[in-house]
Undergrad: 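The structure's right below; bear with me while I get my questions together.
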Amino acid sequence: MAWRGCSTLGAQLRRTPSWPQLLGRRRIVSCIDPSTGLTEEQKEFQKVAFDFAAKEMAPHMAEWDEKEIFPVETMRKAAQLGFGGIYVKPDVGGSGLSRLDTSIIFEALSTGCTSTTAYLSIHNMCAWMIDTFGSEEQRHKFCPSLCSMEKLASYCLTEPGSGSDAASLITSAKRKGDTYVLNGSKAFISGGGDTDVYVVMCRTGGSGPKGISCLVLEKGTPGLSFGKKERKVGWNSQPTRAVIFEDCAIPVVNRLGAEGQGFGIAMKGLNGGRINIASCSLGAAHASVLLAQDHLTVRKQFGEPLASNQYLQFRLAEMATRLVAARLMVRNAAQALQEEREDAIALCAMAKLFATDECFTICNQALQMHGGYGYLKDYAVQQFMRDIRVHQILEGTNEVMRMIVARSLLQE
Ligand SMILES: Cc1cc2nc3c(=O)[nH]c(=O)nc-3n(C[C@H](O)[C@H](O)[C@H](O)COP(=O)(O)OP(=O)(O)OC[C@H]3O[C@@H](n4cnc5c(N)ncnc54)[C@H](O)[C@@H]3O)c2cc1C
């Protein structure tokens with residue numbers, strides 16, 4: 001059962017051996033059980049993901065964070081389970097699973113290390129973009145090694161001067177015969193410098209979204225270089241760097257889709273990316289609720305466990321309620337995206353907005369329940385809180401999510 005994996009995980013994340021192992025709080029656990037409502041097959045791969053999170057990730061997440069280790073070998077092990085190209089088609093090495101299945105897997109993995117899982121989600125998004133918008137030749141060239149994670153991918157949209165207004169990007173690709181000459185720079189690129197394949201949005205035409213194309217670059221291309229590794233609040237198990245292009249010659253056959261389709265491709269990638277990043281938030285929040293549950297039961301003040309205090313009980317109930325509501329939003333949006341429904345874009349934006357905000361509140365509240373201990377790096381709760389803070393900022397800030405939802409409503 002998936003749930004057993006979570007209980008083991010709860011024990012592992014409480015990194016203070018002097019504290020007794022706590023058992024027997026199954027009532028609260030059961031009402032937030034992430035396997036509720038899933039098919040038997042979904043429960044199976046959810047269990048695989050929870051087990052992987054508990055055994056291969058959770059024991060190392062503090063060290064990866066502290067020493068800023070990008071755990072490539074662990075990710076390759078995850079890829080052996082099919083997590084390198086979860087929603088990529090099987091003929092090029094993908095697992096061919098649905099958006100909902102993907103969300104279930106990322107939620108489970110994130111309980112073991114949110115930062116690493118978030119990078120995995122970006123890698124999966126890039127692999128899907130090549131699988132979906134690439135030619136047969138491109139699919140077969142890039143996807144198998146991405147699905148096995150022999151090669152790692154980065155998504156390159158943001159620039160120093162264009163963040164929320166992504167369509168104003170200025171990195172230019174000028175066509176010269178069979179190549180494009182690429183010049184410009186990208187900011188905040190996850191995996192940048194340590195990854196092998198760069199999916200780059202660049203300007204091949206006039207201003208605005210219709211002048212943007214999507215090129216795939218490989219590490220080692222002359223003229224491709226990287227900025228210094230950014231120092232971050234969280235997401236420390238994955239590097240973030242600027243990516244710089246100086247007269248990079250990119251074969252025209254490396255363009256995904258037609259000229260001018262790049263912005264659409266970038267946004268379609270992000271619809272799923274938003275579900276994925278929201279799912280990573282769910283995993284972090286879920287782990288944090290477990291940690292808070294444990295702490296409230298173990299820690300005594302005023303002669304009794306903190307759990308006897310009704311104020312804290314109510315706060316815990318609110319956290320559980322927010323978690324379950326957010327999970328329903330995310331799974332509903334994943335289903336809409338899978339069915340290619342017209343409301344999918346707005347539902348993905350709503351789910352990302354709601355889940356990343358609510359889950360941050362949950363993690364922050366769990367930290368508060370730990371008192372001073374929550375602020376110590378010996379306790380995992382602070383890492384979940386630090387790691388998911390950025391989910392409110394990237395893949396479109398939560399202000400941009402509001403714009404997308406409002407635009408959809410006002411166009412009706
Ligand atoms: C750790 C990390 C990893 C990242 N990884 C990647 C990656 O792999 N690939 C990639 O392409 N990008 C990546 N990003 C970039 C990320 O997507 C951008 O930071 C984000 O889109 C916001 O852009 P910005 O930072 O330029 O903020 P700005 O656009 O300057 O916005 C600043 C603030 O103003 C708000 N704002 C802006 N315009 C409006 C408006 N019209 N109305 C209301 N509020 C507004 C924003 O919501 C935000 O709160 C990453 C960022 C971080 C921090």
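The basis for the numbers below is simple: all heavy atoms, side chains too, and nothing from hydrogens, waters or symmetry mates. These figures come from a predicted structure and were not determined experimentally. Just so you know, ligand 1 is whichever comes first in the structure, and atom 1 is the first atom listed for that ligand.
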Undergrad: Under a 3.5 Å cutoff, is there a donor and acceptor pairing between the side chains of Arg386 and Gln382?
TA: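 The answer is yes; a qualifying pair exists.
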
Undergrad: For atom 1 (C) of ligand 1, is the nearest protein heavy atom closer than 4.0 Å?
TA: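 Yes.
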
Undergrad: So for ligand 1, is Asp165 a polar contact partner (N or O within less than 3.5 Å, distance only)?
TA: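 Among all N and O atoms of Asp165, none is under 3.5 Å from an N or O of ligand 1.
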
Undergrad: Polar-atom distance check: Trp235 versus ligand 1, any N or O pair below 3.5 Å?
TA: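 Checking ligand 1 against Trp235, no N or O pair falls under 3.5 Å apart.
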
Undergrad: Give the numbers and elements of all ligand 1 atoms closer than 4.0 Å to a heavy atom of Ile393.
TA: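 Counting from 1, the qualifying ligand atoms are 20 (C).
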
Undergrad: Tell me, please: is Met403 in heavy-atom contact with ligand 1, that is, under 4.0 Å?
TA: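 Per 4.0 Å heavy-atom rule, Met403 contacts ligand 1.
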
Undergrad: Checking Arg255 against Tyr180: charged group under 6.0 Å from the ring centre and within 45 degrees of the axis?
TA: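 Arg255 over Tyr180 ring: no.
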
Undergrad: May I ask you to list the atoms of ligand 1 that are less than 4.0 angstrom from any heavy atom of Ser164?
TA: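 Ligand 1 atoms under the 4.0 Å threshold to Ser164: 23 (O), 28 (P), 29 (O), 31 (O), 37 (C), 46 (C).
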
Undergrad: Considering distance alone, does some N or O of Val390 sit under 3.5 Å from an N or O of ligand 1?
TA: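 No.
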
Undergrad: Is it the case that the side chains of Ser164 and Glu399 hold a donor-acceptor pair, with the cut-off being a distance below 3.5 Å and no angle test?
TA: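 Side-chain D/A pair, Glu399 to Ser164: absent.
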
Undergrad: What part of Lys232 sits under 4.0 Å from ligand 1 if we count only heavy atoms: the side chain, the backbone, both or neither?
TA: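 The answer is the side chain of Lys232.
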
Undergrad: Below 4.0 Å, non-hydrogen atoms only: which portion of Thr158 touches ligand 1? Side chain, backbone, both or neither.
TA: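 For Thr158, backbone and side-chain atoms both sit under 4.0 Å from ligand 1.
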
Undergrad: Run the contact test for Glu395 against ligand 1 with a 4.0 Å cut-off on heavy atoms, strictly below, and give the result.
TA: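 Yes, Glu395 has a heavy atom closer than 4.0 Å to ligand 1.
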
Undergrad: Is any N or O atom of Ser190, backbone or side chain, closer than 3.5 Å to an N or O atom of ligand 1?
TA: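 Checking ligand 1 against Ser190, an N or O pair does fall under 3.5 Å apart.
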
Undergrad: Using a 3.5 Å distance criterion without hydrogens, assess whether the side chain of Asn398 forms a donor-acceptor pair with backbone atoms of Met401.
TA: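 Side chain of Asn398 to backbone of Met401: no pair is present.
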
Undergrad: If the threshold is 4.0 Å, N to carboxylate O, is there a salt bridge linking Glu40 and Lys43?
TA: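 Salt bridge between Glu40 and Lys43, a charged N being under 4.0 Å from a carboxylate O: yes.
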
Undergrad: Would you say atom 34 (O) of ligand 1 has a protein heavy atom nearer than 4.0 Å?
TA: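 No, no protein heavy atom sits under 4.0 Å from atom 34 (O) of ligand 1.
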
Undergrad: Please check if the distance between the ring centroids of Phe188 and Trp235 is under 6.0 Å.
TA: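 No - the distance between ring centres of Phe188 and Trp235 does not fall below the 6.0 Å cut-off.
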
Undergrad: For Phe83 together with Phe106, are the ring centres under 6.0 Å from each other?
TA: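 That pair fails the under 6.0 Å test.
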
Undergrad: Are any of the N or O atoms of Phe188 closer than 3.5 Å to those of ligand 1?
TA: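 Yes, at least one N or O pair falls under 3.5 Å.
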
Undergrad: Please report the closest heavy-atom contact between Leu157 and Lys186, naming both atoms and the distance.
TA: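 Nearest heavy atoms, Leu157 then Lys186: O-NZ, 3.0 Å.
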
Undergrad: Between Arg99 and Ala336, is there a donor-acceptor pair closer than 3.5 Å when you use the side chain of the first and the backbone of the second?
TA: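 Checking the backbone N and O of Ala336 against the side chain of Arg99, no donor-acceptor pair under 3.5 Å is found.
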
Undergrad: Does any N or O of ligand 1 fall below 3.5 Å from an N or O anywhere on Ser162, backbone included?
TA: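 No; the residue has no nitrogen or oxygen that sits under 3.5 Å from a nitrogen or oxygen of the ligand.
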
Undergrad: Can you find a non-hydrogen atom of Val400 under 4.0 Å from ligand 1?
TA: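 Judged by the 4.0 Å heavy-atom criterion, Val400 does not count as contacting ligand 1.
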
